[in-house]
Amino acid sequence: MATPFWKYHALGNDYLVLDPERLDFPLQPLAIQRLCHRHFGVGSDGILLGPLPAPGADFGLRIFNPDGSEAEKSGNGLRIFARYLWDGGKVGGEPFYVQTLGGLVQAQVQNQGQQVQVAMGRVSFQSGLIPVTGADREVIQEPIQVQGQTFTFSAATIGNPHCVILVPEATPALAQTYGSALENHAFFPQRTNVQFVQVLSPERLRLEIWERGAGYTLASGSSSSAAAAVVHRLGLCAPAVTVEMPGGELAIRIAPDFAITMTGPVTGVAQGILASDIFAG
Ligand SMILES: N[C@H](CCC[C@H](N)C(=O)O)C(=O)O
């Protein structure tokens, strides 16, 4: 049996969707690394495995990073999965529930599949939930040293961990220079996603992103959610913000309890069949 795949991107953060019913190999880390490889594989910022059975939800979803690690949540991944279900006639325009490792989310496909809204869950700044080492506390504006530089960071979880650093100017160089050292810093036992955030106005943020297990990416939905929540917690942005990233913009809405709603586009790229020798050599 040949294995089909579907490729989409969400603001340049691209994923392959694999159907667990039509997978003719075990989805182990080495296979994931090969599938995501930009030269030896199909190439993507991750794998979405679904729909899976999920008691208490309409669909289950597992999310994998290109390094083979499993992520608890992916905002862009959830928008892509919602569009995939819509393309396959498994959902219409009604809201539906998806169970992820990082919790239950509600999604709704809009504008004939061009846009998806996701209730991403609640952001927490609690060290024990993120996790961040040290005393139980909200991790707000603390020092962190990497490569001789001291940054001030806040940390948040929306199912997956985030290290948020406000800077006067968010540049790709900051993410690409310090991202890996921050991702793997000892403060984060599960590693972390990293965002450098520039506050353009109370309604507009600019992000540069280094993702756990993926590296520099052009956009990230969970990063946008976590970074906007931190900036709002610091009193520096409104509860409704536009998050600008190299790949494009997301609309983030923050409720008083830090429940996040994320709305943004999805674009289809290709559908294909994996070659029988993709894992050879
Ligand atoms: N690399 C992330 C998962 C993907 C997040 C990102 N692609 C998004 O859109 O949220 C992690 O290990 O938590």
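In what follows, every heavy atom counts, from backbone to side chain, and hydrogens, waters and symmetry copies are set aside. As the structure lists them, so they are numbered: ligands from 1, and atoms in each ligand from 1.
Taking the six-membered ring for Trp and the full ring otherwise, the centers of F81 and Y8 sit at least 6.0 Å from each other. When ring centroids are compared, F258 and F125 come within the 6.0 Å threshold. Taking the six-membered ring wherever Trp is involved, the centroid distance between the rings of Y216 and W210 does not fall below 6.0 Å.
Neither the backbone nor the side chain of A214 comes within 4.0 Å of ligand 1, counting heavy atoms alone. No part of I63 comes within 4.0 Å of ligand 1, judged by heavy-atom distances.
Using a non-hydrogen distance threshold of 4.0 Å, R191 does not register as a contact of ligand 1.
If you check which protein heavy atom lies closest to atom 10 (O) of ligand 1, you get S222 OG, 2.6 Å. Nearest protein heavy-atom neighbour of atom 5 (C) of ligand 1: E211 OE1, 3.4 Å. For atom 2 (C) of ligand 1, the nearest non-hydrogen atom of the protein is N193 OD1, 3.2 Å.
The minimum heavy-atom distance linking P20 with P51 is given by the pair CG-O, 3.3 Å.
The atoms of ligand 1 that sit less than 4.0 Å from any heavy atom of Y15 are 4 (C), 6 (C), 7 (N). Residue A71 approaches ligand 1 through these ligand atoms, each under 4.0 Å from one of its heavy atoms: 3 (C), 11 (C), 12 (O), 13 (O). For ligand 1 and N76, the ligand atoms under 4.0 Å from any heavy atom of the residue are 8 (C), 9 (O).
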>> Set out, in order, the CA-CA distance, both residues' side-chain angles and the distance that settles side-chain hydrogen bond (donor to acceptor under 3.5 Å, both in side chains) for S69 and D67, then state yes or no.
In response: CA-CA 6 Å; S69 63; D67 71 349; 2.6 Å; yes
Taking only distance into account, with no hydrogens and no angle test, what donor-acceptor pairs under 3.5 Å do side-chain atoms of residues 243-254 form with protein atoms, sequence neighbours excluded?
from	atom 1	to	atom 2	distance (Å)
E244	OE1	R206	NH1	2.9
E244	OE2	R204	NH1	2.5
E249	OE2	R204	NH1	2.8
E249	OE2	R204	NH2	3.2

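Scanning L250, N65, L218 for the heavy atom closest to atom 12 (O) of ligand 1 points to N65.
Contacts of I273 classified as side-chain contact (heavy atoms from CB on, under 4.5 Å), with partners at least two apart in sequence or in another chain: A2, P4.
In this structure, F151 and F196 have perpendicular ring planes: the angle between them is above 60°, well past the 30° mark.
Considering backbone and side-chain N/O of K73, none are found under 3.5 Å from N/O of ligand 1.
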